[in-house]
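Quick notes on the structure that follows.
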Amino acid sequence: MARAIAEVQTPGRRRRSEGKQAAVLDAAQALFLAEGYEGTTVDAIAARAQVSKRTVYDHFGDKETIFLRVLQRVTDALVGTVRTAIDEELAPGRDLREALLGFGHRIVDRAFASSDYSAFHRLTSRQRPVPRLPAAVRDRPEQMLAERFAELAAQGALRASDPGVAARHFTALTIRSAQEATADRLDEGEAAGDGSPSAVAEQIIADGVDAFLRAYR
C-alpha cells in the first residue's frame, strides 16, 4: 500500500525535484557568470538557490557536473535557435545570398546577442581550463548547418565537396567575426551610431557572405 501511495505521489514529487534542480542551475549560472568557475563554491550555489548543500549534491554530485549542466542548458538554447534559423532562413527555393544573410543575422541578433551566452563563451575561452562539454555537443550547431549545406550542394545551389568545411568557413567569415567585433566594441563602450556594434556586425556578415559565395557558388 505504501508503495502504491508513493507511486501516486511521484508526479508531485517530481515537480518539486525539478523545481529545485532549476533553482540550483539558475543560481549556479548567475554565480559562474559573476565569480567564474574557480571562484564559485557549492556552498554559495546552495545559499543562492535557497536549498541545502545536501540537496545540491543529491541532484548533481559536484561543482563540475553543475557547471556542465549549465553549459548544456545554454547549448540547448543555442541549438534550438540555430535549428529554427536553418528551417526558416535557409529554406529551399530562397535566393541563396538573401538566405545566408538572413541566417547570419538571425544567429548574431538572437543567439549570440544573449548576455548569458556571451559571458559563458568568454568563461569557457579563458586560458585557465574549465570543464567542457564533449566536442559532439559543442559542435552540434555547426553540424546542423553542415547538413543543410549538404542538401544545398545536392540541389546544385552550392559547390561544397565537404559541407562540414563549408560550414566552418561560413561561420568563421560571418557569425564568429561579427560576434568578436561586437564584443570588442561593447567592451570599449563605443556609442551607438554608424560605428555601433549592430552596424559593424551587419557589414561583417554581408562581406562574409559575399566572400563565402565567391568560393562556394
Side-chain angles (χ1 to χ4, degrees), residues 29 32-33 70-91 94-127 130 132-133 135 137-153 157-160 162-217:
Q29 181 163 333
F32 287 137
L33 292 176
V70 172
L71 283 184
Q72 182 70 63
R73 192 164 66 163
V74 173
T75 301
D76 288 345
L78 176 61
V79 167
T81 300
V82 172
R83 178 76 272 164
T84 300
I86 287 174
D87 291 342
E88 295 182 358
E89 300 292 347
L90 299 179
R94 188 179 183 188
D95 175 77
L96 186 57
R97 184 177 187 276
E98 179 183 320
L100 292 172
L101 285 172
F103 176 77
H105 285 300
R106 177 82 73 96
I107 299 303
V108 171
D109 294 343
R110 299 193 185 182
F112 292 150
S114 161
S115 60
D116 284 347
Y117 178 83
S118 176
F120 268 101
H121 174 74
R122 295 186 181 202
L123 181 59
T124 55
S125 299
R126 289 177 178 174
Q127 289 185 345
V130 297
R132 304 189 72 189
L133 293 170
V137 177
R138 298 195 310 269
D139 297 341
R140 182 56 185 150
E142 198 164 78
Q143 178 60 38
M144 291 191 298
L145 180 59
E147 291 167 0
R148 180 52 56 93
F149 279 0
E151 294 172 0
L152 291 170
L158 284 179
R159 294 185 298 105
D162 188 333
V165 172
R168 289 194 292 274
H169 284 168
F170 177 82
T171 301
L173 287 166
T174 58
I175 296 167
R176 190 168 298 125
S177 295
Q179 180 193 17
E180 292 172 354
T182 299
D184 289 344
R185 286 175 177 266
L186 288 175
D187 283 345
E188 294 165 3
E190 293 191 11
D194 291 342
S196 67
S198 59
V200 170
E202 183 175 350
Q203 188 60 54
I204 288 172
I205 292 171
D207 291 344
V209 166
D210 289 338
F212 177 80
L213 289 176
R214 285 194 293 273
Y216 283 97
R217 186 165 65 177

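Sequential numbering from 1 along the given sequence is applied to the chain's residues.
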Exercise. For Gln72 and Val137, what are the C-alpha separation, side-chain angles and deciding distance, and is it a side chain to side chain contact (heavy atoms under 4.5 Å, CB included)?
Worked result: CA-CA 8 Å; Gln72 182 70 63; Val137 177; 3.8 Å; yes
Exercise. To the nearest 0.5 Å, how far apart are CG in Leu90 and CE in Met144?
Worked result: 11.0 Å
Exercise. Does the Arg138 side chain pair with the main chain of Leu133, one donor and one acceptor, at a distance under 3.5 Å?
Worked result: yes
For this session: Working to the nearest 0.5 Å, report the span between CD1 of Ile107 and OG1 of Thr171.
Result: 9.0 Å
Problem set entry | Nearest atoms (heavy-atom pairs only) where Arg159 meets Ala215 | NH2-O, 3.4 Å
Problem set entry | Any residue meeting side-chain contact (heavy atoms from CB on, under 4.5 Å) with Ser177, in chain and number order, not counting sequence neighbours | Ile204
For this session: Show your reasoning for whether side chain to side chain contact (heavy atoms under 4.5 Å, CB included) applies to Val130 and Phe32.
Result: CA-CA 11 Å; Val130 297; Phe32 287 137; over 6 Å; no
For this session: Could I get the full list of side chain to side chain donor-acceptor pair (under 3.5 Å) partners for Arg97, not counting sequence neighbours?
Result: Asp210
Exercise. Could you state the interatomic distance from CD (Gln29) to CG (Leu71), rounded to the nearest 0.5 Å?
Worked result: 9.0 Å
Seminar exercise, completed: In short, Ala146 meets Pro163 closest at the heavy-atom pair O-CB, 3.3 Å
For this session: Determine, step by step, whether Phe149 and Phe170 satisfy the side chain to side chain contact (heavy atoms under 4.5 Å, CB included) criterion, reporting the C-alpha distance in whole Å, the side-chain angles of both residues, the deciding distance to 0.1 Å, and the verdict.
Result: CA-CA 10 Å; Phe149 279 0; Phe170 177 82; 3.9 Å; yes
Problem set entry | By salt bridge (Lys or Arg N to Asp or Glu O under 4.0 Å) - contacts of Asp87 (at least two apart) | Arg83, Arg148
For this session: State whether Arg140 and Glu147 are salt-bridged, where the test is any N-O pair (Lys NZ or Arg NE/NH1/NH2 against Asp/Glu carboxylate O) under 4.0 Å.
Result: yes
For this session: With rounding to the nearest 0.5 Å, note down the distance linking CG in Leu101 to CG in Leu96.
Result: 9.5 Å
Problem set entry | Arg132 atom CZ, neighbour heavy-atom count above 12 within 6.0 Å | no
Exercise. Rounded to the nearest 0.5 Å, what separation is found between the NE2 atom of His105 and the CD atom of Glu202?
Worked result: 5.0 Å
Exercise. To the nearest 0.5 Å, how far apart are OG1 in Thr174 and CD in Gln179?
Worked result: 11.0 Å
For this session: May I have the step-by-step check of side chain to side chain contact (heavy atoms under 4.5 Å, CB included) for Phe212 and Leu100, ending in yes or no?
Result: CA-CA 10 Å; Phe212 177 80; Leu100 292 172; 3.9 Å; yes
